[in-house]
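Notes to accompany the following structure.
FYI, side chains are in, hydrogens and waters are out, and symmetry mates aren't considered; it's all heavy atoms of this structure. In listed order, ligands and their atoms are each counted from 1. Everything numeric in this text was worked out from a predicted model, so none of it was measured.
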Amino acid sequence: MGLLAFFAILVPTVLNIALALEAPTTSLNDGNKIPILALGTYGGNGDTMRQTINWAVEAGYRHIDTASLYGNEEDIGRGIADVIGKGLVKREDLFVTTKLWNDKHARNQVVPALKESLSRLGLSYVDLYLIHFPISSEADGSDGYIDYLETWQGMEDAKRQGLAKSIGVSNFNSAQIKRIIDSSQIPPAVNQIEIHPAHTREALVTKCHNMGVAVMAYSPFGFLVPRASSAAPPPQADDPALVKIAQKYGKTTNQIVLRYLIERSVIPVPKSTNKDRLKANIDVFDFTLTPEEVATISKFNVNKSVFGDDDSSKNHPYYPYTE
Ligand SMILES: NC(=O)c1ccc[n+]([C@@H]2O[C@H](COP(=O)([O-])OP(=O)(O)OC[C@H]3O[C@@H](n4cnc5c(N)ncnc54)[C@H](OP(=O)(O)O)[C@@H]3O)[C@@H](O)[C@H]2O)c1
Ligand SMILES: *[C@@H]1O[C@H](CO)[C@@H](O)[C@H](O)[C@H]1NC(C)=O
């Protein structure tokens with residue numbers, strides 16, 4: 001091969017590697033490392049989802065968030081097989097999170113449910129397994145009353161068997177997490193909750209961090225993106241205060257909101273199935289916000305949830321939406 005041809009291949013290859021942006025990692029309370037930004041996948045499925053995993057890993061994503069509820073574990077598994085097959089990454093370079101649905105909360109249902117997820121994903125373990133929601137459900141969809149402490153014993157079984165490297169919860173409040181810590185052998189490593197500028201959850205985030213529990217932020221864009229809810233509070237994507245910060249750093253307002261969560265030591269889980277937006281959403285590691293800018297964004301808080309608090313369960317003993 002001539003020297004010129006050699007460089008024509010080498011230079012773009014080196015540049016591609018340099019341009020792929022990986023999120024840094026942080027340590028969980030069990031010693032495992034977690035990338036501090038994850039790919040959300042709710043609503044993506046089929047070939048679109050498989051393609052998204054390819055684009056995301058090429059762009060530098062290493063952490064993928066799914067759930068048995070999302071119905072896309074097989075598509076994600078195909079995408080993972082693609083990127084490993086192409087030699088882009090090895091299994092151990094990836095951090096895969098999935099979640100136990102409400103209809104499998106009995107202790108003896110947890111490991112079998114995880115094994116079904118693993119079979120759909122084509123994996124022998126997940127990096128993180130979460131209880132999706134503290135309230136169990138009956139076959140007809142109505143609320144059940146299985147104590148989440150019992151469910152947690154099943155999660156501990158999964159970790160002991162090596163099927164999940166780390167275990168945690170989602171949509172739990174601080175009292176529920178403390179109750180698990182006080183009466184279990186393994187503390188939750190993570191609580192995944194909704195956090196964005198209109199719903200900042202400062203008290204709950206602080207309490208989780210003080211208990212050694214890492215926090216993942218779902219729906220991180222809040223009302224910057226269109227939502228089913230009719231009453232969207234500020235900020236939206238063209239909000240002047242956000243635009244001012246975005247212009248200062250040469251970023252978009254969506255990127256500013258992701259960086260805001262990172263500054264708060266929260267792990268954002270932005271979802272996109274669009275190649276350009278996937279790239280933009282991980283391009284948030286070359287700048288930092290000042291404490292004043294973080295405070296400015298936190299001032300948008302109105303405790304407004306994207307999904308709306310589920311009023312139907314408000315009187316359930318395990319209802320979680322309190323700080
Ligand atoms: N644990 C739980 O109970 C729970 C609940 C909800 C969500 N989650 C997890 O959290 C993830 C994220 O939450 P989410 O899907 O509700 O909301 P999100 O990530 O805040 O927003 C996703 C929406 O924003 C759009 N978008 C993405 N990047 C953008 C950008 N740079 N500029 C403009 N628009 C952009 C996406 O469209 P395109 O795809 O077209 O880009 C999509 O419509 C989920 O996918 C799921 O993994 C967990
Ligand atoms: C949001 O909720 C917290 C308690 O969880 C409360 O302290 C705060 O005042 C509320 N903020 C708004 C704007 O309602």
The atoms of ligand 1 lying under 4.0 Å from a heavy atom of D65, numbered in the order shown, are 9 (C), 46 (C), 47 (O)
Quick check: are there more than 12 heavy atoms from other residues, nucleotides or ligands sitting under 6.0 Å from NZ of K244? no
Of all the heavy atoms in A280, does at least one lie under 4.0 Å from an atom in ligand 1? no
Proximal ligand 1 atoms for Q192, defined as those under 4.0 Å from one of its heavy atoms: 1 (N), 2 (C), 4 (C), 8 (N), 9 (C), 48 (C)
F133 near ligand 1, heavy-atom distance under 4.0 Å? no
For atom 15 (O) of ligand 1, what is the closest protein heavy atom, and at what distance to 0.1 Å? K271 CB, 3.5 Å
Counting only heavy atoms, which portion of L224 has something under 4.0 Å from ligand 1: side chain, backbone, both, or neither? neither
Looking at R91 and D127, does any basic side-chain N land under 4.0 Å from a carboxylate oxygen? yes
If you measure from the Lys or Arg side-chain nitrogens to the Asp or Glu carboxylate oxygens, is any gap between R78 and D47 under 4.0 Å? no
T273 neighbourhood, listing ligand 1 atoms whose heavy-atom distance to it stays under 4.0 Å: 39 (O)
With ring centroids as reference points, do F172 and Y148 lie under 6.0 angstrom apart? yes
Do the rings of H316 and Y318 sit parallel, tilted or perpendicular, given the 30° and 60° boundaries? tilted
What is the closest protein heavy atom to atom 35 (C) of ligand 1, and at what distance does it sit? R277 CD, 3.6 Å
Do other residues, nucleotides or ligands put more than 12 heavy atoms under 6.0 Å from the OH atom of Y42? no
Any protein heavy-atom neighbour for atom 24 (O) of ligand 1 (distance below 4.0 angstrom)? yes
Output yes when K99 and D65 qualify as a salt bridge under the 4.0 Å nitrogen-oxygen rule, no when they do not. yes
The protein heavy atom nearest to atom 16 (O) of ligand 1 is S219 OG, 2.9 Å
Using a 4.0 Å cut-off to any heavy atom of P270, which atoms of ligand 1 qualify? 19 (O)
Out of F307, F223, F221, Y70, whose heavy atom is nearest to atom 9 (C) of ligand 1? Y70
Before accepting this row, confirm whether a basic side-chain N of the pair E293/R259 lies closer than 4.0 Å to the acidic partner's carboxylate O. no
Can you tell me if NZ on K279 sees more than 12 non-hydrogen neighbours from other groups inside 6.0 Å? no
Would you mind checking which non-hydrogen protein atom is closest to atom 12 (C) of ligand 1, with the distance to 0.1 Å? V269 O, 2.9 Å
min-distance protein heavy atom vs atom 10 (O) of ligand 1 -> Y218 CB, 3.2 Å
What protein heavy atom is closest to atom 3 (O) of ligand 1, reported as residue, atom name and distance in Å? N171 ND2, 2.9 Å
When you measure from atom 33 (C) of ligand 1 to every protein heavy atom, which one gives the shortest distance, and what is it? N254 ND2, 3.5 Å
Taking atom NZ of K178 as the centre, does the number of heavy atoms from other residues, nucleotides or ligands within less than 6.0 Å exceed 12? no
Name the closest protein heavy atom to atom 44 (C) of ligand 1, giving the residue it belongs to and the distance to 0.1 Å. Y42 CB, 3.6 Å
Relative to atom 17 (O) of ligand 1, which among M216, R227, K99, H132 owns the nearest non-hydrogen atom? R227
Determine whether the aromatic ring centres of residues H196 and Y260 are separated by less than 6.0 angstrom. no
Here the atoms of ligand 2 under 4.0 Å from any heavy atom belonging to N301 are 13 (C)
